[in-house]
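First up is the structure itself, then whatever we jot down about it.
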2 protein chains.
Amino acid sequence: MEKVQGFIRKTKQREVILRVLRGTKSHPTADWVYQEVRKELPNISLGTVYRNLKILTASGEALELSYGSSYSRFDGTPENHYHFVCQRCGRVEDVPMPVDESLDRAVEQLMGVKVRQHRLEFYGLCEQCAAEQIERPERPMALRRQPVEERDQAYAH
Amino acid sequence: MEKVQGFIRKTKQREVILRVLRGTKSHPTADWVYQEVRKELPNISLGTVYRNLKILTASGEALELSYGSSYSRFDGTPENHYHFVCQRCGRVEDVPMPVDESLDRAVEQLMGVKVRQHRLEFYGLCEQCAAEQIERPERPMALRRQPVEERDQAYAH
DNA sequence: ATACCTGCAAACCTTTTGCCACTAT
DNA sequence: ATAGTGGCAAAAGGTTTGCAGGTAT
């Protein structure tokens with residue numbers, strides 16, 4: 001039942017997707033990639049693009065700029081602060097570290113933009129999950145689906 | 001047609017939602033908030049929770065921890081680097097600033113966790129949008145819907 | 001009175017999946 | 001041979017919205 005990838009095969013589709021991704025600096029959406037790839041492979045499907053984007057992300061050949069989980073989370077503390085996200089159980093914790101607003105000024109000078117705020121998030125394993133994390137698979141672990149129960153524990157108070 | 005909020009009325013629903021949000025440190029999802037609020041207001045609907053979460057976020061009484069747009073964006077440059085996101089046009093740009101990995105070690109020592117990476121994103125107005133941003137509404141501007149054409153321009157190469 | 005709000009349900013939209021034929025190894 | 005893949009279309013799942021009746025101000 002558990003479909004675990006033994007090896008990743010080389011295909012035309014994946015090759016073009018990666019080339020398109022590397023060929024732009026625009027941080028495109030999946031749909032944009034789809035439209036681009038379609039110019040070369042008119043029959044490719046959106047599903048394939050998503051599948052390969054996920055594979056490329058899991059194998060470290062691309063980055064996915066998103067919150068990770070598909071839902072938004074809300075925070076009743078309006079003052080900006082940093083967060084730590086456990087990549088295994090999904091828990092989100094505040095980081096007891098002061099917000100460094102001088103970073104905003106630095107970016108403004110570097111890029112000529114107006115910065116209102118920044119968000120800093122750390123990703124890794126929380127104390128509890130790090131303890132349970134004994135084995136270390138050589139294949140990208142992100143390919144494995146996370147059990148729903150574990151994800152849910154993060155919603156508990 | 002454009003529904004612009006002139007003032008925000010005080011309602012039981014919004015009051016309870018804010019109280020629930022302030023009463024937890026768990027960075028809950030909208031659905032978790034819904035379940036909690038329902039204990040006090042059994043007839044409230046998920047839609048109302050979403051609507052109010054959005055209003056609270058826009059008025060600065062809560063933070064939304066998400067990427068902002070509903071889609072993921074991908075980046076063909078696997079090396080970690082920082083991003084700047086224009087809150088007006090949605091454009092995403094790389095920040096020419098070295099990644100400070102000592103932050104990861106600092107958080108590990110502060111929290112007793114294992115940090116694999118961090119993500120730092122700056123939000124504000126890009127040079128172009130800052131120039132066009134002449135007026136400054138006193139009501140939270142996030143309440144206003146963004147024209148589709150402007151959002152789309154961010155997908156262009 | 002008059003906006004604003006709510007509940008409900010349908011609609012939306014991005015992302016995921018099942019199925020089956022195909023193909024790289 | 002055989003597991004990984006792709007195309008297609010349906011499904012999923014979080015979030016938004018239209019509507020019509022309520023409700024603060």
Side-chain angles (χ1 to χ4, degrees), chain A residues 1-18 28-35 37-38 40-59 64-74 90 139-140 142-146 148 151-152 155, chain B residues 1-18 28-35 37-38 40-59 64-74 139 142-146 148 151-152 155:
Chain A
M1 267 359 20
E2 272 296 284
K3 181 193 281 186
V4 176
Q5 239 129 335
F7 59 92
I8 295 178
R9 190 181 291 176
K10 196 175 84 171
T11 67
K12 188 73 183 169
Q13 287 86 343
R14 186 148 46 236
E15 179 208 317
V16 176
I17 290 172
L18 184 55
T29 61
D31 192 68
W32 185 87
V33 172
Y34 172 51
Q35 301 302 341
V37 171
R38 211 145 62 132
E40 192 164 336
L41 305 173
N43 290 321
I44 198 173
S45 69
L46 227 200
T48 297
V49 171
Y50 272 106
R51 257 185 301 237
N52 281 301
L53 246 18
K54 177 172 275 193
I55 290 174
L56 291 172
T57 298
S59 68
E64 180 175 3
L65 308 179
S66 80
Y67 190 67
S69 154
S70 54
Y71 348 28
S72 288
R73 282 168 180 276
F74 296 86
R139 283 289 154 196
L143 284 177
R144 219 171 300 153
R145 191 165 320 290
Q146 215 175 8
V148 172
R151 278 205 313 252
D152 280 350
Y155 307 157
Chain B
M1 252 32 345
E2 274 295 283
K3 181 192 282 184
V4 176
Q5 239 130 335
F7 60 94
I8 295 178
R9 191 179 289 175
K10 196 175 84 170
T11 67
K12 188 72 183 172
Q13 287 86 342
R14 186 148 47 239
E15 179 208 316
V16 176
I17 289 171
L18 184 55
T29 60
D31 193 68
W32 185 87
V33 172
Y34 172 52
Q35 301 303 340
V37 171
R38 214 147 59 132
E40 191 164 337
L41 305 173
N43 290 321
I44 198 174
S45 69
L46 227 201
T48 296
V49 171
Y50 272 106
R51 259 185 299 235
N52 280 302
L53 247 18
K54 178 172 274 194
I55 289 174
L56 291 172
T57 298
S59 68
E64 180 174 2
L65 309 179
S66 80
Y67 190 67
S69 154
S70 56
Y71 343 34
S72 288
R73 281 168 180 276
F74 296 85
R139 284 287 155 196
L143 283 176
R144 220 170 300 154
R145 191 166 318 291
Q146 214 176 11
V148 173
R151 278 205 312 255
D152 279 350
Y155 306 158

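Labels below follow one simple rule: chain letters A, B, ... track the order of the sequence lines, proteins then strands, and each chain is numbered from 1. For the numbers below, each heavy atom of this structure counts, side chains included, while hydrogens, waters and symmetry mates do not.
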Quickly work out the [X] [atom1] to [N] [atom2] distance and round it to whole Å.
X        : N       : atom1 : atom2 : value
Lys54(A) : dG6(D)  : NZ    : P     : 14 Å
Asn52(A) : dT5(D)  : CG    : P     : 8 Å
Gln35(A) : dT14(C) : CD    : C1'   : 14 Å
Tyr34(B) : dG7(C)  : OH    : P     : 9 Å
Gln13(A) : dC8(D)  : CD    : P     : 11 Å
Leu53(A) : dT16(C) : CG    : P     : 10 Å
Ile17(B) : dC5(C)  : CD1   : C1'   : 11 Å
Ile44(B) : dA9(C)  : CD1   : P     : 15 Å

Taking only nitrogen or oxygen atoms into account, show me every contact under 3.5 Å that the protein makes with nucleotides 22-25 of chain D, one pair per line with its distance.
from, atom 1, to, atom 2, distance (Å)
dT23(D), O2, Arg9(B), NH1, 2.7
dA24(D), N3, Arg9(B), NH2, 3.4

Checklist entry - Choosing from dC8(D), dC5(C), dC8(C), which nucleotide comes nearest the side chain of Ser45(B)? => result dC8(C)
OP1 or OP2 of [N] less than 4.0 angstrom from a side-chain nitrogen or oxygen of [X], does that happen here?
X        : N       : value
Arg51(A) : dT16(C) : no
Thr48(A) : dG6(D)  : no
Asn43(B) : dC8(C)  : no

Checklist entry - Which atom names give the shortest non-hydrogen contact between Ile8(B) and Ile55(B), and what distance separates them? => result CD1-CG2, 3.7 Å
Checklist entry - What are the two closest heavy atoms between Pro28(B) and Val33(B), and how far apart are they? => result CG-CG2, 3.8 Å
Checklist entry - Counting any heavy atom closer than 4.0 Å, what does Leu46(A) reach on the DNA or RNA strands: base, sugar-phosphate only, or nothing? => result base
Checklist entry - What residues form a side chain to side chain donor-acceptor pair (under 3.5 Å) with Arg38(A), not counting sequence neighbours? => result Tyr34(A), Gln35(A)
Distance, nearest 0.5 Å, that separates [atom1] of [X] from [atom2] of [Y]:
X        : Y        : atom1 : atom2 : result
Leu53(B) : Leu46(B) : CG    : CG    : 10.0 Å
Glu15(A) : Leu41(A) : CD    : CG    : 9.0 Å
Asn52(A) : Thr57(A) : CG    : OG1   : 10.0 Å

Checklist entry - Do the side chain of Arg38(A) and the base of dG7(D) come within less than 3.5 angstrom through a donor-acceptor pair of N or O atoms? => result no
Checklist entry - Taking Arg14(B) for the side chain and Arg9(B) for the main chain, is one N or O donor matched with an acceptor at less than 3.5 Å? => result yes
